[in-house]
Every structure is written in structure tokens, then in C-alpha cells.
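Written below as C-alpha cells is the structure these notes are about.
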Amino acid sequence: MEEESRRKEQKLSAALSYKQRVIDALEQQIAALDAENSRLTLSNTRLLSALTDLKQRYNAKAQPTNETTTLLQNIADIDDNDNDNDNDDENKDEDEDIVDRVITTRY
């Protein structure tokens, strides 16, 4: 009886030892995954920051400046005046004024 009890105790001890090794290995895996997750989170944050920066640069380039808007409006004014009456001396004077504004604005 005592022998059988010792064998059972040894089996339980071996099973417990095995389970403890499994637990230790799983804890190591969890620690490694946590470290990798931290590294990936940092990389992701850097990438999102770079993407935001690129979007801001693109939007800044895509939006016309006040100077560009003024020049485009002046060109549109010239086209409108040309379409209204090409032979009118008054329109020619206005066109010259607009061209002067474009040149002054530009330079």
C-alpha cells in the first residue's frame, strides 16, 4: 500500500512538474509577444505620424495660394472681358489694367 501511494505521489509530482514547465514556457511566450507588440505599436505610431505629415504636405500643395487664386481670377476676368466685346476700346483698357495687376501681383 505504501509503495502504491509513493508511485501515485511520484506520478502526481511528475505531472505537476510538467505542468509547471508548460506554465513557465507560456509565460515566456507571453513576455516575448508583449515585447513584440510594444515594438509593433511604436512602429505603427511612427508610420501613422509619417502618413499624417505626408497628408498635410499634400493638402498644403493641393490648395491654391492667395496669389494663385488672384492670378486665376484675373485670367478669368480677361477671358470674360474678351467674350463680352472684343472690339471695344474700353474693354481693351480694362484688359491692360488686369494684365498690369497680374504682372504686379506676380512680380
Side-chain angles (χ1 to χ4, degrees):
M1 186 100 166
E2 209 172 291
E3 185 69 30
E4 185 179 325
S5 182
R6 252 186 266 165
R7 274 187 265 144
K8 284 184 180 181
E9 189 178 325
Q10 285 176 346
K11 282 184 178 181
L12 289 173
S13 180
L16 184 62
S17 178
Y18 172 77
K19 289 179 181 181
Q20 186 60 48
R21 287 194 309 266
V22 169
I23 290 171
D24 291 343
L26 290 172
E27 286 176 347
Q28 288 177 352
Q29 286 179 339
I30 289 170
L33 289 171
D34 282 344
E36 183 67 10
N37 187 40
S38 295
R39 188 187 68 76
L40 290 173
T41 300
L42 180 61
S43 295
N44 190 33
T45 301
R46 287 181 184 157
L47 287 171
L48 287 173
S49 176
L51 179 61
T52 300
D53 186 44
L54 286 173
K55 283 181 181 179
Q56 289 172 346
R57 288 183 189 178
Y58 174 78
N59 288 335
K61 288 181 181 179
Q63 294 175 353
T65 62
N66 286 340
E67 181 181 338
T68 304
T69 304
T70 302
L71 290 172
L72 291 173
Q73 184 59 50
N74 289 339
I75 292 169
D77 290 346
I78 292 171
D79 287 342
D80 288 345
N81 287 334
D82 283 346
N83 290 336
D84 290 343
N85 188 351
D86 287 334
N87 295 324
D88 190 10
D89 287 335
E90 187 177 311
N91 284 340
K92 288 181 182 178
D93 291 338
E94 286 181 28
D95 288 350
E96 289 175 4
D97 289 342
I98 292 170
V99 170
D100 287 341
R101 281 188 293 168
V102 170
I103 291 170
T104 304
T105 303
R106 183 73 175 142
Y107 300 102

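Given the structure is predicted, the values throughout are model-derived calculations rather than measurements.
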Apart from L42 itself, its cluster of hydrophobic side chains linked below 4.5 Å comprises none
- Quick one: does S17's side chain have a donor or acceptor within less than 3.5 Å of a partner on S13's backbone? no
Sorted by chain and number, sequence neighbours left out, salt bridge (charged side-chain N to carboxylate O under 4.0 Å, His left out) with D53 holds for R57
Of K8, R7, R6, the one forming a salt bridge (charged side-chain N to carboxylate O under 4.0 Å, His left out) with E4 is K8
Using atom types as modelled and distance alone, determine if a side-chain donor or acceptor of S38 lies under 3.5 Å from a backbone N or O of D34. yes
Next item on the list: Would you check if L47 and L51 make a side-chain contact, meaning some heavy-atom pair closer than 4.5 Å?
Entry: no
**OP:** Output yes when a side-chain donor or acceptor of S5 lies under 3.5 Å from a complementary backbone atom of M1, and no otherwise.
**Re:** no
Under a 3.5 Å cutoff, is there a donor and acceptor pairing between the side chains of D24 and Q20? yes
Rounding to 0.5 Å, atoms CG (N37) and CG (L33) come to a distance of 8.5 Å
Applying salt bridge (charged side-chain N to carboxylate O under 4.0 Å, His left out) to R21 and not counting sequence neighbours gives none
Legend entry - Within 6.0 angstrom of E36 CD, more than 12 heavy atoms from elsewhere: yes
One should read off an interatomic distance between L12 CG and K19 NZ, to the nearest 0.5 angstrom, of 9.0 Å
